[in-house]
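Below is one structure, written out as structure tokens, with a few remarks after it.
Every number for a ligand or one of its atoms is a count from 1 in the order of the listing.
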Amino acid sequence: MVLQSEQHSSLLTKPNSANKPIGVFDSGVGGLTVVAALRRHLPNENIIYLGDTARVPYGGKSPETVLRYSKEIANLLLEHNAKMIVIACNTASALALSTLKSIYSIPIHGVIEPGAAAAVRATKKGIIGVIGTRATIASKAYQQAIHHLSPKTDVLSYPCPLLVPLVEEGLFDDEITQRVLERYLEPMLSQGIDTLVLGCTHYPLLKKLISKVIGPNVTLVDSAENCALAVQTLLTTKNLAREKSTPGTLHVLLTDTSEDFLHSAANALKISIDRVSIMTLY
Ligand code: DGL
């Protein structure tokens with residue numbers, strides 16, 4: 001498809017209408033964790049989800065590249081009439097949210113601030129662990145969002161690059177994944193974290209195993225769940241909630257075929273997909 005210029009794209013931001021779909025995007029299929037949370041809280045909303053499966057992963061890419069990809073996807077979602085955009089990808093939220101907000105007039109929501117706010121509410125000792133991709137951790141976006149709310153909180157951040165491929169292989173509950181998690185999480189556990197933020201789309205699929213490794217005294221904060229709650233509040237306050245009470249539909253757009261992971265993630269998350277389209281974005 002032909003790329004929009006930034007000037008052209010701003011012309012596409014027509015007045016919002018509550019019955020338009022929510023646009024959600026991610027580097028790939030992992031952002032369906034956010035869709036599943038949106039479904040639980042907003043069952044009547046239509047959702048159009050773009051997974052950039054041709055260019056996943058974003059987690060090891062430069063900030064400039066992630067920003068460029070994010071602008072291309074936001075333009076596309078506007079062409080599909082999105083009334084708001086949810087950046088399900090933590091890496092794109094960390095690196096592109098503020099620029100996208102400055103370009104477009106529709107509401108744009110990321111996953112970092114809701115996750116940070118939930119972690120600040122949850123911690124008792126004031127020691128929070130954050131795990132994510134290399135790019136998310138290097139951006140310090142979670143650290144800044146947490147310190148904005150609670151300057152004295154200690155934030156220990158750790159990149160966990162092996163977790164995304166393990167999830168994409170469907171090893172949600174596997175001994176190898178457990179060993180990798182132990183290796184990544186031990187340093188933070190030994191420094192006394194009492195709260196752990198799952199700062200990546202894929203990690204909620206490992207919740208069971210992560211809970212086993214961290215034990216009962218550390219609270220898990222799921223960015224996807226907290227993002228969905230924040231979107232629900234936003235739609236209500238901006239009078240943007242869909243008027244019809246029929247169940248919402250889910251249209252998944254992918255930039256390359258990724259059927260295996262798409263279906264294993266949809267099954268694990270218990271969401272049904274109404275339509276899948278493969279398209280070229282650039
Ligand atoms: N969606 C990415 C995130 O949440 C994980 C996968 C990737 O590296 O692109 O950060």
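Applying the 4.0 Å criterion to heavy atoms of Val56 picks out, from ligand 1, the atoms 9 (O). Interface atoms of ligand 1 facing Tyr58, defined by a heavy-atom separation under 4.0 Å, are 7 (C), 8 (O), 9 (O). Each of the following atoms of ligand 1 lies closer than 4.0 Å to a heavy atom of Asp26: 1 (N). Near Gly59, meaning under 4.0 Å from one of its heavy atoms, ligand 1 places the atoms 7 (C), 8 (O), 9 (O). Shown in contact with Thr201 at under 4.0 Å from a heavy atom are these atoms of ligand 1, numbered in order with element: 1 (N), 2 (C), 3 (C), 4 (O), 5 (C). Less than 4.0 angstrom separates some heavy atom of Ser27 from each of these atoms of ligand 1: 1 (N), 2 (C), 6 (C), 7 (C), 9 (O).
Of the residues listed (Lys244, Lys83, Arg242), the one engaging Glu45 in a salt bridge (Lys or Arg N to Asp or Glu O under 4.0 Å) is Lys83, and it is the only one.
Under the side chain to side chain contact (heavy atoms under 4.5 Å, CB included) criterion, His41 pairs with Glu225, Ala228, Leu229, Gln232, not counting sequence neighbours.
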Under the side-chain contact (heavy atoms from CB on, under 4.5 Å) rule, what do Ile273 and Leu262 come out as? Steps first, then yes or no, please. CA-CA 10 Å; Ile273 298 172; Leu262 178 66; 3.8 Å; yes

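Atom 10 (O) of ligand 1 has its closest protein heavy atom at Thr91 OG1, 2.6 Å.
Side-chain atoms of Tyr58 and Ser70 include no donor-acceptor pair closer than 3.5 Å.
Heavy-atom contacts from other residues, nucleotides or ligands closer than 6.0 Å to NZ of Lys125 number more than 12.
Taking a 4.0 Å cut-off on heavy atoms, Cys200 registers as neighbouring ligand 1.
In the hydrophobic clustering of this structure, Val276 groups with Ile22; members are Ile, Leu, Val, Met, Phe, Trp, Tyr whose side-chain heavy atoms approach within less than 4.5 Å, directly or through other members.
Of the options Val167, Leu95, Asn90, Leu163, the smallest heavy-atom separation from atom 3 (C) of ligand 1 is shown by Asn90.
If you look at Thr133 next to ligand 1, the close heavy atoms, those under 4.0 Å, all belong to the side chain.
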Under 3.5 Å, sequence neighbours excluded: what are the donor-acceptor pairs made by side chains of residues 154-173?
unit_1 : atom_1 : unit_2 : atom_2 : d
Glu168 : OE2    : His202 : NE2    : 2.7
Asp173 : OD2    : Lys208 : NZ     : 3.2

